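Working notes, structure below.
In each ligand, atom 1 is the first atom listed, and ligand 1 is the first ligand listed. In this text, all values refer to a predicted model and were calculated from it rather than measured experimentally.
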Amino acid sequence: MKHFPLGRPARIAVMASGRGSNLDALLKAFPHDNPLGHIVLVISDRREALALQKAVEAQVEAEYVPWPRNRTQGAAGTTGRFQFEQVAGQLLRDHHIDLILLAGFMRLLSPEFVQAWEGRILNIHPSLLPQFPGLFAQRQALEAGVSETGCTVHFVDAGMDTGPIVLQRRVPVLPGDTVETLTERILEQEHLAYPEAVRMVLRGEV
Ligand code: GRF
């Protein structure tokens with residue numbers, strides 16, 4: 001199903017768990033007067049996430065939605081994920097969200113949630129997928145000894161970092177690189193790649 005272009009500014013939600021540097025780049029690229037779309041809601045599963053503060057500073061609604069730790073994982077209705085998705089899903093509906101951007105959101109959403117948002121949920125990952133999915137992608141790249149890595153913006157499906165790719169940007173791995181230097185180099189490209197990928201999606205180019 002083709003969701004975009006909408007013919008009106010898209011209402012965008014960002015989900016983030018951490019420092020929110022991609023959120024920053026997205027807030028700059030999609031302010032309230034961008035005719036293509038603007039960020040109207042930021043959701044975090046971590047109360048202390050810097051991303052929530054950044055949203056407040058940008059005068060965007062910021063919501064902490066807990067992902068409770070639960071000993072009785074398994075049965076639907078009892079897991080932290082289920083509780084998170086109930087509350088987040090309601091917020092997304094209440095705000096008439098058209099597109100969800102995961103930006104350093106450190107949780108795996110359920111197949112049901114992802115399917116309900118199919119074609120309308122993106123993620124950014126710090127590697128050239130399908131290489132180095134999952135956690136610590138920069139360390140994985142260093143340990144693999146590759147000469148090039150980068151970042152990927154992709155549609156989210158039920159897998160971990162597996163959905164259709166929208167765009168990638170590449171960076172060299174340099175002699176003497178550490179996880180920190182490589183992370184920094186990739187992050188610069190992420191901040192360009194994510195807004196560009198969102199523009200492509202909202203214009204209906206992918
Ligand atoms: C980024 O490296 C992103 O690719 C990954 O998590 C990190 C989030 O960084 N999914 P930030 O919170 O946007 O600064």
Exercise. Given the rule in the side chain to side chain contact (heavy atoms under 4.5 Å, CB included) test, do F132 and R139 qualify, once you have shown the distances and angles that lead to the verdict?
Worked result: CA-CA 9 Å; F132 315 131; R139 188 186 305 163; over 6 Å; no

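- At the top of the distance list for atom 10 (N) of ligand 1, counting protein heavy atoms only, stands I124 O, 2.9 Å.
- Using a 4.0 angstrom heavy-atom cutoff, A16 does not count as in contact with ligand 1.
- Looking at heavy atoms from C-beta onward, I97 lies in side-chain contact with W117 at the 4.5 angstrom threshold.
- The shortest side-chain heavy-atom distance between E205 and V201 does not fall under the 4.5 Å cut-off.
- Between F84 and Y64, a ring centre-to-centre spacing not shorter than 6.0 Å is recorded.
- Listed by number with element, the atoms of ligand 1 under 4.0 angstrom from any heavy atom of H125 are 4 (O).
- Considering only non-hydrogen protein atoms, atom 8 (C) of ligand 1 sits nearest to G104 CA, 3.5 Å.
- If you check which protein heavy atom lies closest to atom 4 (O) of ligand 1, you get E190 OE1, 2.8 Å.
- Ligand 1 does not have C151 within reach: every non-hydrogen atom of the residue lies 4.0 Å or more from it.
- Using a 4.5 Å heavy-atom cutoff, the side chains of Y194 and L101 are in contact.
- In summary, the side chains of S110 and E85 do present a donor paired with an acceptor at a separation below 3.5 Å, with no hydrogens or angles considered.
- Taking atom 9 (O) of ligand 1 as the reference point, the nearest protein heavy-atom neighbour is R19 NH2, 3.1 Å.
- Distance from atom 12 (O) of ligand 1 to its nearest protein heavy atom, with residue and atom name: G20 N, 2.9 Å.
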